**Q** 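Sharing a structure here in structure tokens format.
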Amino acid sequence: MQDGNLLLVRKKVELPPRCVKCNAPAHTMWRKKLYWHPPGFYLLIVMPGILIYAIVALIVRQRAEVLAGLCREHRSRRLRGIAAAWLIAILGIFLIVAGIVMQGDRRRETQGILVLLLGVACLLIGAVVGIVVARVLVPKKMDGEFAWLKGAGLEFLATFPRVN
């Protein structure tokens with residue numbers, strides 16, 4: 001069912017063999033376990049720390065299992081994005097190593113720090129790009145029985161009845 005721009009499904013669902021992005025016939029099926037917890041728990045990162053947040057998030061998270069289709073174009077776009085993210089991250093690792101080596105030379109110590117910082121930035125950018133482009137459907141909310149998923153295309157959503 002569609003709930004606005006969200007796809008409302010049971011927490012274990014096999015969607016029709018159509019691309020969830022454009023509604024074309026699916027070339028491959030994407031199987032994923034999606035996890036969600038109420039956003040208020042992110043405050044635990046700031047207050048007690050990331051370790052406490054991780055433990056609490058593991059305890060309170062809810063899970064949905066989704067099997068969704070992707071057409072050739074959207075599967076290729078996803079794979080190209082993941083490859084680009086890996087290349088950016090590998091470049092970041094290379095720059096971090098180069099920055100460390102450059103800091104050993106007194107004449108290039110300042111440049112080494114800049115190269116090191118650029119490497120760390122590339123590593124982080126690669127991770128964020130990978131997370132963003134690898135996602136097909138993103139959980140926005142879950143309850144005991146249902147999951148509300150963001151990321152389905154309008155053409156795909158239009159094939160489902162609206163929630164009253």
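Residue indices begin at 1 and follow the sequence shown. Bear in mind the structure is a predicted one, so any value in this text is a computation, not a measurement.
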**Q** Linking Ile, Leu, Val, Met, Phe, Trp and Tyr by side-chain heavy atoms under 4.5 Å, what else ends up with Ile113?
**A**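 In the cluster with Ile113 are Leu117.
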**Q** Report yes or no: is the cationic atom of Arg61 (NZ for Lys, CZ for Arg) under 6.0 Å from the centre of the six-membered ring of Tyr35, at an angle within 45° of the ring normal?
**A**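 Yes.
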**Q** Would you please name every residue forming a side-chain hydrogen bond (donor to acceptor under 3.5 Å, both in side chains) with Arg162, sequence neighbours left out?
**A**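 None.
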**Q** Between Ile52 and Val56, is any pair of side-chain heavy atoms under 4.5 Å apart?
**A**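 Side chain of Ile52 against side chain of Val56, heavy atoms only: contact under 4.5 Å found.
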**Q** Quick check on the hydrophobic clustering: are Leu6 and Met142 connected, directly or via other members, by side-chain heavy-atom contacts under 4.5 Å?
**A**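 Different clusters: Leu6 never reaches Met142 through Ile, Leu, Val, Met, Phe, Trp or Tyr contacts under 4.5 Å.
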**Q** Are Leu114 and Leu118 side-chain neighbours, meaning at least one heavy-atom pair lies under 4.5 Å?
**A**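 Of all side-chain heavy-atom pairs linking Leu118 with Leu114, none is under 4.5 Å.
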**Q** Out of curiosity, does Val115 fall in the hydrophobic cluster containing Val97 (side-chain heavy atoms, cut-off under 4.5 Å, transitive links)?
**A**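 Cluster IDs for Val97 and Val115 differ.
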**Q** Tabulate below the donor-acceptor pairs under 3.5 Å that side-chain atoms of residues 13-26 make, not counting sequence neighbours, or state none.
**A**
{"unit_1": "Arg18", "atom_1": "NE", "unit_2": "Asn23", "atom_2": "OD1", "d": "2.6"}
{"unit_1": "Arg18", "atom_1": "NH2", "unit_2": "Thr159", "atom_2": "OG1", "d": "2.7"}
{"unit_1": "Lys21", "atom_1": "NZ", "unit_2": "Val136", "atom_2": "O", "d": "3.0"}
{"unit_1": "Lys21", "atom_1": "NZ", "unit_2": "Gly151", "atom_2": "O", "d": "2.8"}

**Q** Do Phe146 and Leu34 belong together in a cluster built from hydrophobic side chains that touch within less than 4.5 Å?
**A**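 As far as the 4.5 Å side-chain criterion goes, Leu34 and Phe146 are not connected within one cluster.
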**Q** Mind checking whether Gln62 and Lys11 have side chains closer than 4.5 Å, heavy atoms only?
**A**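 In short, these two side chains touch, coming nearer than 4.5 Å.
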**Q** Using the side-chain contact (heavy atoms from CB on, under 4.5 Å) rule, take Met102 and Glu109 through it: C-alpha gap first, then chi angles, then the decisive distance, then the call.
**A** CA-CA 6 Å; Met102 289 174 74; Glu109 192 171 344; over 6 Å; no
**Q** So, using ring pair (Phe, Tyr, Trp, His ring centres under 6.0 Å) as the criterion, who are the partners of Tyr53 when residues are at least two apart?
**A**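 With neighbours one apart ignored, the set is His37, Tyr42.
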**Q** Do the side chains of Leu67 and Trp30 get nearer than 4.5 Å, heavy atoms only?
**A**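 Trp30 vs Leu67: side chains apart.
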**Q** Between Trp148 and Lys141, is there a cation-pi geometry (under 6.0 Å to ring centre, at most 45° from the normal)?
**A**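 Checked: cation-pi criterion met.
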**Q** Do Phe41 and Val60 make a side-chain contact, defined as non-hydrogen atoms from C-beta onward lying under 4.5 Å apart?
**A**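 Yes, side chains in contact.
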**Q** Could you work out, with side-chain hydrogen bond (donor to acceptor under 3.5 Å, both in side chains) as the rule, every residue matching Trp36, not counting sequence neighbours?
**A**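 If we apply the side-chain hydrogen bond (donor to acceptor under 3.5 Å, both in side chains) test to Trp36, skipping adjacent residues, there are no hits.
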**Q** Quick one: list whatever passes ring pair (Phe, Tyr, Trp, His ring centres under 6.0 Å) with Phe94, sequence neighbours left out.
**A**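 In terms of ring pair (Phe, Tyr, Trp, His ring centres under 6.0 Å), with neighbours along the sequence ignored, Phe94 is linked to no residue.
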**Q** List the atom of Ile82, the atom of Val133, and the distance in Å for their closest heavy-atom pair.
**A**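 Scanning both residues, the minimum pair turns out to be N-CG2, 3.6 Å.
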**Q** I'd like to know if Leu44 and Ile55 are part of one continuous hydrophobic network [Ile/Leu/Val/Met/Phe/Trp/Tyr, side-chain heavy atoms within less than 4.5 Å].
**A**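 Hydrophobic grouping puts Ile55 with Leu44.
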**Q** Quick test of your reading of the model: are Glu73 and Arg75 salt-bridged, counting only N-O distances below 4.0 Å?
**A**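 Between Arg75 and Glu73 there is no salt bridge, as every charged N stays at least 4.0 Å from the carboxylate O atoms.
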**Q** So do Leu149 and Val9 actually touch side chain to side chain, heavy atoms under 4.5 Å?
**A**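 Contact flag for Val9/Leu149 side chains = yes.
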**Q** Closest heavy-atom contact between Cys122 and Leu91?
**A**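 Minimum heavy-atom contact is SG-CD2, 4.2 Å.
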